[in-house]
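Chain letters run A, B, ... following the sequence lines, proteins first and then strands; every chain starts at 1. Keep in mind that the numbers below use all heavy atoms, side chains included, and drop hydrogens, waters and symmetry copies.
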Amino acid sequence: MNVQKEAQTNILSQTQALLLEVCNLTKVFGSGLLQRGQKVALENFSMSIQGSPPKIISIAGESGSGKTTLARLILGFLIPTQGEVRYRGKDLKTMDKKSWQTFRREVQAIFQDPYGVYNPFYPVDRVFEIVIRKFHLAKNRQESHRITEEALVIVGLRPDEILGKYPHQLSGGQRQRLMLARAFLLKPKIIIADEPVSMIDASMRAIILKIMIDLKENFGISFLYITHDLSTAFQVSDDIIILYEGWVAESGDAQIVIKGPKHPYVQLLVESIPIPDPEQPWQGRVELPPEEELEMNTLRGCKFYRRCPYKMEMCLKSPPPLYNIGPDHLASCYLYKGREVDKDT
Amino acid sequence: MTERKPILRVKDLKVYYHTDRGSVRAVDGVSFTMHEGESFGIVGESGCGKSTMAMALLGLVVSPGTIEGGQIFLDGTDIFTLDRELIRKIRWSQISFIPQGAMNSLNPVMRIGSQIADVITTHQGYQPEKILRKRIQKLLSTVGLPHRVYRMYPHELSGGMKQRVCIAMAIVLEPEVIIADEPTSALDVVVQRVVMQTLVDVQERLGAALILIGHDMGLQAQVVNRQAVMYAGKIAEIGEVKTMYKNPLHPYTKLLIESLPTLQLRHDFQGIPGLPPSLLNPPKGCAFSNRCPYVMEHCREAMPKLVEIQPNHFVACHLHSEVIK
Amino acid sequence: MKRGFVGILMGNRKFIIGFIIFIVILMGGIIAHQTIPFRYSRTGAFPPGLPPGVKNILGTDSLGRGIDVQLAEAVVNSVQIGLIAALIGTLVGAVIGFTSGYYGGIIDAILRVLMDVFLSIPSLLFLILIASLMRGVTVRGMALIIALFAWAPPARQIRAQVLSLKERAFVDMAKLSGMSEMEIITSELVPHMFQWMSANFVNATLAAILAESGLSILGLGPQNEMTLGMMIYWALSYAAVFRGMWWWWGSTVFTLTSIFISLYLLHLGFDEVINPRIRSKI
Amino acid sequence: MWLYLRYVFGRFAIFIITIFIAITIVFIVPRFVPGDPLFAVTSKLAEMGGSRGSPELVEEYRKLFGLDQPVLTQYLYYLKELSKGNLGYSIANFPATVTELLMRSLPWTIGLLSVATVISWLIGTFIGAISGWGGKESKISKVLVPLALGLYTIPYYILAIILIFLFVYVWGIFPISGGYTPGFPIKFSLPFVLDVIKHSILPALSIILISLGWWFLSMRSMIVLLQGEDYILLAQAKGLSDRRILWRYAFRNALLPQVSGLAISLAHIVGGAIILEKIFAYPGVGWLLYNSITELDFPTIQGGVLVVIIALTAANFILDLIYPLIDPRIKYKRG
């Protein structure tokens, strides 16, 4: 508990320098009347994005881990049950109109389904026209045309092949790059990328991820990369936060976490990635208790208890806090109780 | 590797879809041979024709698709020469199928037990409920499911469990060939591993041949011995997995492997620029020529043939056929 | 998609056939109504019970009134009732459906119960109740009464569609692009619903004409004006079927059925264009 | 089980709310329609006071409706009398009560409707399934689909007029109208039952033919859509016979919307049947309503409307209860 408090005061002292700050965010879905229908999608989650230097931060987890809920909370599409999202020090809930406009402009997003984000009634040009109009990005038609083409070239598309087309006439990769171009047009500080490549073919996936790295390095845009795929997270991100059923399992530098995972869940996750090399086969066997899959997870303690090979009695009593196990490296597992590392080392 | 008996032979298979705008050549002259007990992968990106292949192998190509040519020999018999009834009898008893979306592949209003029992009674005749139940419950435990799943409905099961039900269903008649079409693409990575583990276990126990269709090269590398890489309705390369990943011969295979993120080095992956050609009007020459970094003039003119470059390693690329000459 | 909607509709055979039949009947009604002298519709204008012939194209009824002039007036009035009721019903339904679907919450809960109730009760019964109390309705009055119960089906459908539409990613994208709620509704959602609403309008017209004829047959129609339902009412009252006056009830039944079939074809045409998945199926 | 009970409870609540709203509307409408129809009714009663009716009737009517009380009191009073089954006296058939009249005519309507609906639902569903399974190209579909489309478009009573013309006027096969031959002793005997059946064939045929078109089309399109489902494809891959796939896989799933369709279209069928009864002078609720309309027997209209609505809502409620038995998923859906 000590560690958490310390971490919190640390966050508070840095408030001024922070761009985006998420404090103790909790989201519960389901009606309040019938307790049975409730589902805790995200519980007591905190993080922050500094903005400079720009970083790609991955939020990784399997389905139901709460990663998409987090993205939607940060974008203001969902209202948190508890906790708050602050942008430039202001809470989204109580933000005035001008700050909201800034927030909308500086925090953009791309989504998983590169088809569904387009209204099929309009040519794809419309996504550019709207942001240009709404955020007054251009003085006249020519300028608007020029910046649109500029943005398209940045993401490697040829304007003459794209403009005037309807979404169904383009490929998934093209549509997703268009979305990046649209976001780029606004010169945002942060782009929330919610599974941007999971519906894209492997050969195109790399191209899109490279554009993200390029935007970070050359245009100072930070990314919150939300994914279920640890290998792409490893490739592109600076930091990583791994969620399990709405809780942070482990967080830290992406290379350190993925190459040497400390939380038993993250270990299992990393071991389960199929490596595209027949010389590195999966080691050992993984068994999942089938009864676990049949039951709703209603544990009071650690959510990973049922699957965990190291389960202890105390794991059932209360959920483990985040222990400091290395420089900027946290894991929520009682295995590390009393083995915390001092934050300054 | 000891020489085993060929169980499934596909020769110059062509499956076209007839649309208003012309014929889409989903599978365009595919040939390969599979041996008993082998695991064989068919890998490719969306729209390369791999799922159509699976349907053709089951004799389930439906309108607007038609088989335009070729033969499929299952255990020596050309299945296209058989009549409807005989094909129906072969299905599942000799060649079974694990579908992509187990979510939607189970009848939502029937209990799991009855859906498996349907297979048994269709192919082996009526059996008393008691015997059926025993047999199916035993089957369910071989894929790691508790007995009570027998009485449950699909919506009461998790995605991974439904996929295991499909595996159980696929092996109930102990077929010689199992076709699995992206059996884990909708599952989380841990569950995917467990399901694949189960699949490989039962396949080895039965000694059945497994065709694993998919887009995930990582999964293929973990599971199959030999694989075919498909591009735009054609096979680009076939070979042992171990040699192919170390030394891919076709530029497409090479680039595809390079586009995969690894856990060793950061930033060491490349995409393949450009788009696959339309299957409506495929180019005259090599289908990959418009994206290939090694493209030669000849490539745009003539279609390369699938040639055995090294023992058991076939490739359809002019770069290599030149060498042979 | 937007570009070609009318074009695709015009290319749909069912739509075109339905459209032509409907227009021919309606124009025929209007022209005949304008040209045939009014006095032909008075009692005793002709000998009663005259079969179709030179003297009167469609024959006369038991009171010596021309069937042709009655039919012309009836077509105009019945179609008028259909169109007014359908227009009001569709618009009110759209407003209620959008409110309920887009805003949700307690308003939605109340509106949903109302929709369910209005859908599971035959509106004809309420119409009987109201019409029987308001003796001596007019054509316009009847249209309004029918419109009272025409909003529920479109409201429910629109609500369901808005519910799924607002979850679509392009609505998120519109929010990210700084569009206001009103803009999202009008420029992102309404285009999706517009086609559906036009199809519903056709359907509602059909339902309203059906309701009119039903009420009139029960004797609740406008007593001083002619509608298709009233013509059947009079034909039945004078036992035209049993007296072999086939031209009386026959011409009415034929016209009414033709209107129904034409509207139904229009509806099918719309349906096929809106849901191409169904197009190739039926 | 718990979930099923919760579902039943939810449906029951809707059932009660529907009836409550219907009662309220039936109560309110006369009080808001211009021209004060209640006053008109009382004056009509007063007119008749000398001849057929009596001051007693006027008094009864006032008592039932409590016309001198505030609206809310009237409403509560109305609810109280309703709960006792008291719908007041018929004006046209005094001293018969509305409840008596309804009890006499309701069995006719329910009998005709339930038999006709069940028959057409069964036939339409089965033929629709077979035709849908055969696909667009099959011969039966090519004939049946346009026929069904045509039938579906025509209202019940139009078909009824045509049937009367053919079977009664031209061929003289069936009796003109009524539910039984007048003067026939009404008791449960074979000749009487046969007489009733003979009279009900034409009205029943009108309902069966028309709604057949609808059941046929909806079942057919469901089956056609289901053919693209993954589980049908897997069933085919399993080598099951076409017949087994149709009846055990496609049909069972297509049946679900067909049953909920039955619930929704009941309202439509009932509405059509009321007009049908007028045309055939069939002694059900529709005929009673028609006569009450011509005789300005407002209490009977009001009672008839209410009772039909309650019967219909009850039928819907029963269908709701059956639905989960054929769809194992519904118990788990919320709301």
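- Of the residues considered (D:Ile25, D:Ile154, D:Ile17), D:Ile25 shows the highest number of contacts with chain C, using heavy-atom pairs under 4.5 Å.
- Contact annotation for C:Leu127: neither backbone nor side-chain heavy atoms come within less than 4.5 Å of a heavy atom of chain D.
- Interface summary for chain C: among D:Ile279, D:Asn316, D:Thr313, D:Ile161, the most heavy-atom pairs under 4.5 angstrom belong to D:Ile161.
- The backbone N or O of C:Leu266 lies less than 3.5 Å from no partner atom in the side chain of C:Lys14, so there is not a single donor-acceptor pair.
- C:Trp249 has its ring centre less than 6.0 Å from the ring centre of D:Phe165.
- Residue C:Val241 touches chain D through both its backbone and its side chain, counting heavy-atom pairs closer than 4.5 Å.
- At a 4.5 Å heavy-atom cutoff, the contact between C:Leu236 and chain D is made by side-chain atoms alone.
- For chain C, the nearby parts of D:Val305 are the backbone and the side chain; heavy atoms of each come within less than 4.5 Å.
- D:Ile301 and D:Ser292 make their closest contact through CG1-CB, 3.6 Å (heavy atoms, listed as atom of the first residue, atom of the second, distance).
- For C:Leu125, the parts sitting under 4.5 Å from any heavy atom of chain D are the backbone and the side chain alike.
- A donor-acceptor pair is defined here as one N or O able to donate and one able to accept, closer than 3.5 Å; no such pair exists between the side chain of C:Thr252 and the backbone of C:Leu228.
- C:Gln80 places no side-chain N or O within 3.5 Å of a backbone atom of C:Val139 that could act as its donor or acceptor partner.
- No hydrogens or angles considered: nothing links the side chains of C:Thr227 and C:Asn77 as a donor-acceptor pair under 3.5 Å.
- With a 4.5 Å cut-off on non-hydrogen atoms, C:Leu265 does not touch chain D at all.
- Contact tally against chain C (heavy-atom pairs below 4.5 Å) for D:Ile14, D:Thr294, D:Leu289, D:Ile164: the top residue is D:Ile164.
- When each of D:Ile21, D:Val168, D:Ile158, D:Ile274 is checked for heavy-atom pairs under 4.5 Å with chain C, D:Ile158 comes out on top.
- Comparing D:Val26, D:Ile19, D:Val270 by heavy-atom pairs within less than 4.5 Å of chain C, the highest count is held by D:Val26.
- The residue among C:Leu218, C:Leu263, C:Leu220 with the most heavy atom pairs within less than 4.5 Å of chain D is C:Leu218.
- Checking side-chain atoms of D:Gln227 against main-chain N and O of D:Ile232 turns up no donor-acceptor pair under 3.5 Å.
- Both the backbone and the side chain of C:Ser213 come within contact range of chain D, judged by heavy atoms closer than 4.5 Å.
- With chain D as the partner, the residue from C:Tyr264, C:Trp246, C:Phe118 showing the most heavy-atom pairs under 4.5 Å is C:Tyr264.
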Point to revise | Intermediate values then yes/no, ring-ring contact (aromatic ring centres under 6.0 Å, His included), C:Trp196 and C:Phe270 | key: CA-CA 8 Å; C:Trp196 188 87; C:Phe270 262 119; over 10 Å; no
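- For chain C, no part of D:Tyr156 is nearby; none of its heavy atoms comes within less than 4.5 Å.
- Residue contact with chain C, scored on non-hydrogen atoms closer than 4.5 Å, is absent for D:Val170.
- Within the 3.5 Å criterion, the main-chain N or O of C:Asp116 finds no donor-acceptor partner in the side chain of C:Arg156.
- Heavy-atom distances place the side chain of C:Ile232, and not its backbone, under 4.5 Å from chain D.
- The side-chain contact (heavy atoms from CB on, under 4.5 Å) test with D:Leu113 singles out one residue from D:Leu312, D:Leu266, D:Leu276, D:Ile269, and that residue is D:Ile269.
- C:Gln157 and C:Asn200 share no donor-acceptor pair across their side chains, judged by distance under 3.5 Å alone.
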